[in-house]
Structure formats: structure tokens, C-alpha cells
Amino acid sequence: MTDDDTPPTIEPTLRTVAMPADTNPAGDIFGGWLLAQMDLAGGLAAMRESRGRVATVAMDAMSFKRPVKVGDEVTVWAELLSVGTTSLRYRVSAWRRPRHSEGHIKVTEAIFTFVALDERGGKRVIGR
């Protein structure tokens with residue numbers, strides 16, 4: 001079994017259903033929609049871990065391994081990789097579950113970096 005065969009064993013960060021409004025002219029879900037779901041999931045995890053506001057500051061390259069279809073359940077996991085003084089890095093992976101199946105199929109993953117922000121929008125030290 002490879003990393004692409006088994007979803008993470010931690011609790012999923014986000015689940016949603018791909019809808020017709022999210023499709024491109026070919027009927028597949030837009031990559032930008034999927035990227036937004038991943039950014040949202042990573043941001044939620046980073047806010048929880050840092051106990052406050054965060055902003056996405058970087059994302060490494062991602063490639064789409066499989067398409068997402070209308071009606072698929074999309075599950076996103078955010079796995080904490082590291083915590084710095086003001087930043088957090090997460091491996092964020094997106095998986096699809098076809099509507100009449102119980103198996104998950106990996107769609108894509110990327111490393112997201114978030115920075116913790118204070119109430120004025122400046123960097124803040126992450127208190128653990």
C-alpha cells in the first residue's frame with residue numbers, strides 16, 4: 001500500500017459535497033474550488049492550533065491525480081508538520097468518495113504554510 005491508497009488516520013478537517021455550480025465546461029470540479037477547500041481546511045486547523053487568526057503565506061506545488069465529479073464527497077485532512085515561532089506548516093490532502101462507494105481516492109495534496117496574526121494583522125508569536 002502506498003501513501004495514495006489510505007487516507008490519514010486523524011480526524012478529517014473538512015467534508016463537503018461537490019456541486020454542479022463548481023464545475024468546468026467538461027463537467028469536472030474546478031481545481032480552484034478544490035484548492036479553496038484545502039486552504040479553508042488548513043486555515044481552520046492552523047487557527048485551532050495557534051489559538052487565533054492566521055493567514056496563508058505559501059503553498060508548494062500541487063498536481064491533480066484524479067478528477068472530482070459532481071456528487072462526490074470531498075474530505076480534506078490537514079496534518080500538522082511543524083510549528084515555528086510565528087508559522088505553521090501542514091500537509092493538506094484532498095480525497096474523493098464517489099457517491100455510491102465507501103472507498104476514498106486521493107485527488108491531490110500540498111504543503112501549506114500559515115502565519116499567526118495579531119488583532120492588527122501583524123505577525124504574532126504562537127503560544128503553545
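Computed from a predicted model, the values in this text were never measured in an experiment.
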| query | Quick one: salt bridge (charged side-chain N to carboxylate O under 4.0 Å, His left out) pairs with a partner in residues 16-25, sequence neighbours left out? | reply | none

| query | Quick one: does R97's side chain get under 4.5 Å of E102's, heavy atoms only? | reply | yes

| message | Assigning hydrophobic clusters by single linkage (Ile, Leu, Val, Met, Phe, Trp, Tyr; side-chain heavy-atom cutoff under 4.5 Å), is V54 placed with V115? | response | no

| request: For residues T75 and P12, report the shortest heavy-atom separation together with the two atoms involved. | output: CG2-CB, 3.5 Å

| query | Who pairs with T13 by side chain to side chain donor-acceptor pair (under 3.5 Å), at least two apart in sequence or on another chain? | reply | none

| query | Should F64 and V92 be regarded as members of a common hydrophobic cluster, given that ILVMFWY residues are connected when their side-chain heavy atoms come within less than 4.5 Å of each other, either directly or indirectly? | reply | yes

| request: Would you kindly confirm whether F30 and V70 end up in one hydrophobic cluster when ILVMFWY residues are joined by side chain heavy atoms under 4.5 Å apart? | output: yes

| How close do M19 and I29 get, heavy atom to heavy atom, and via which atoms? | O-CD1, 3.8 Å

| So F114 and D39, side-chain contact (heavy atoms from CB on, under 4.5 Å) or not? Walk me through it. | CA-CA 10 Å; F114 301 91; D39 190 32; 3.8 Å; yes

| said: Strictly by salt bridge (charged side-chain N to carboxylate O under 4.0 Å, His left out), give each pair with a member in residues 110-127 just once, sequence neighbours left out. | reply: D118-R120

| field | Side chains of M38 and M59 in contact at under 4.5 Å (non-hydrogen atoms) | value | no

Under 3.5 Å, sequence neighbours excluded: what are the donor-acceptor pairs made by side chains of residues 79-90?
from: Y90; atom 1: OH; to: A45; atom 2: O; distance (Å): 3.1

| Are any non-hydrogen side-chain atoms of D28 and K69 less than 4.5 angstrom apart? | yes

| note | Across all chains, not counting sequence neighbours, the side-chain contact (heavy atoms from CB on, under 4.5 Å) partners of R99 are none

| Out of curiosity, does I111 fall in the hydrophobic cluster containing L44 (side-chain heavy atoms, cut-off under 4.5 Å, transitive links)? | no

| request: For residues A116 and I126, report the shortest heavy-atom separation together with the two atoms involved. | output: CB-CG1, 3.7 Å

| So, do W33 and T16 sit near enough that their side-chain heavy atoms are less than 4.5 Å apart? | yes

| field | Cluster overlap M47 with V57, hydrophobic side-chain contacts below 4.5 Å | value | no

| said: Give me the atom names and distance for the closest heavy-atom approach of L35 to F112. | reply: CD1-CZ, 3.9 Å

| message | Restricting to non-hydrogen atoms, name the atom on W95 and the atom on P8 that form the minimum distance, rounded to 0.1 Å. | response | NE1-CD, 3.9 Å

| said: For a quick test of reading the model, state the closest non-hydrogen atom pair linking I10 to A78 and the distance between them. | reply: CD1-O, 3.5 Å

| note | Sorted by chain and residue number, the side-chain contact (heavy atoms from CB on, under 4.5 Å) partners of P98 (sequence neighbours excluded) come out as D72, R96, S101, I105

